[in-house]
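Presented below is the structure to which this report refers.
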Amino acid sequence: MAFGKFGLASQVMEGVRAMGYVDPTPIQLRAIPILLEGKDLIGSAQTGTGKTAAFALPMLSKLLDAPRNLAQMLILEPTRELAAQVETAIRDFTRFTDLRVAVLYGGVGYGKQKDALRDGVEILVATPGRLLDHCQQKALNLGHIRYLVLDEADRMLDMGFLPDVRRIVEQCPRERQTALFSATIPAQIETLIQWAMRSPETVEIGMRRSPAETVKHVLYPVADSQKEALLLELLARVDYESVIIFCRTKDRADHVSAVLKQKCHAVAVLHSNRTQQERQRALEGFREGKFEVLVATDIASRGLDIADVTHVINYDVPQHPEDYVHRIGRTGRAQASGDALTLMVAEDRQHMAAIERFIGQTIARVKLDGFDYTYTALFDETDKRSAHETKFRAVRLSGGYYFGPTKRRR
Ligand code: AMP
């Protein structure tokens, strides 16, 4: 089915055409008719599935018939980067309309945001804290909101934003349409749904548990003391064009990036302690190829539309299996092949087992040939697995070989 059949407003359709969208994605196919009918919607689709257009196109179509100069559509996002990304998408979709959008997030001055609000807007894309600041300063009134989108609700919960979200919803009129997107629905989100939504319909676009088929996964067991050295060795040997290195905390991300800079890598860092300008510069520089390496934490990178990454390196094993899938989602997009390399220390055993269960796949344990390893008990397990369960072959990396199992276990 083509976009033309939905009955979206013609100016919005012009925007869709200009974006080059031809066929709707599965979430768009299912969500657009529900939202056009005026019903509330719970969507369990992740970023990358086309969910922004899924909620934006029908809501913007309806907004065209509404009065101007009143903030009537509000999209809440957990991070500044996501807010900026969604704002860009909204600007693209509204290019052939007279609708105006303002983006409100922290870490930057109030001036421009207040100017935009004073000039008059119909659409707001915002992070919860800054939005409430504007409301408290009386720069903004949510009394005319008719379309409310709570995006990445589970991440808002993780980040402690739910009380702010509730305060915002309380300021919106009851008479409104609400769409909520969340990869998972924990109890607190369920409570929010009960309280904030009216007979919502649910659209589940099969939670992509399994990472793209085109991604090759490899695990590198290593002693904690040798992680840095192994990372440097991997970067020296792996033939990458662009790589994202994921760390568990901001401090570790800063540390790893400092080590890499010392070794003359062009590195950018992305975590929530950086200023908005620093983060934007990091992202743009990485997209443009000015930086070949991006060191990031999960929260800062979640949902970002960074395509064409040839390698993802998990310097730290993620704490949650879903984060492994999110991280790996940066590579192997759109049928391009990609590699996902994970450094694993003894304490990561349980987390790794949970990840393998989650993705339904055992990941090959590999030793980097010629690397001067110190002993870790993980090697005994790796050797046992190799002998019994997998067939080894030498795989060429630029400048060296590694020995990797080739057969997947179930
Ligand atoms: P999202 O999940 O909303 O972040 O969208 C992910 C990417 O898919 C964005 O770059 C969108 O521009 C793109 N996209 C969304 N819908 C479509 C579509 N129907 N056809 C082609 N690309 C799309």
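Throughout, numbering of the chain's residues begins at 1 and tracks the sequence. Only heavy atoms go into these numbers, but all of them, side chains included; no hydrogens, no water, no symmetry mates. Treat the numbers as computed from the prediction; the structure is a model and nothing was measured. Indexing begins at 1, ligand by ligand and atom by atom, following the structure's order.
A salt bridge does not link D40 with R198: every distance from a Lys NZ or Arg NE/NH1/NH2 to an Asp or Glu carboxylate oxygen is 4.0 Å or more. For R365 and E356, the salt-bridge test passes: some basic side-chain N is under 4.0 Å from an acidic carboxylate O.
Judged as a side chain to side chain contact (heavy atoms under 4.5 Å, CB included), and not counting sequence neighbours, the contacts of E233 are R237, L368, F371. Applying the side chain to side chain contact (heavy atoms under 4.5 Å, CB included) criterion to K62, with sequence neighbours excluded, gives Y147, Q177.
The nearest non-hydrogen atom to atom 16 (N) of ligand 1, considering only M19, Q28, Q85, comes from Q28.
Under a 4.0 Å criterion applied to the non-hydrogen atoms of T52, ligand 1 contributes the atoms 1 (P), 3 (O), 4 (O). In summary, the atoms of ligand 1 found under 4.0 Å from a heavy atom of F3, numbered by their order in the structure, are 19 (N).
Ring planes of F93 and Y21: perpendicular class, angle over 60° (limits at 30 and 60°).
Proximity of D23 to ligand 1 is established by a heavy-atom distance of less than 4.0 Å.
For a threshold of 3.5 Å applied to N or O pairs, the pair formed by V22 and ligand 1 contains no separation below that value.
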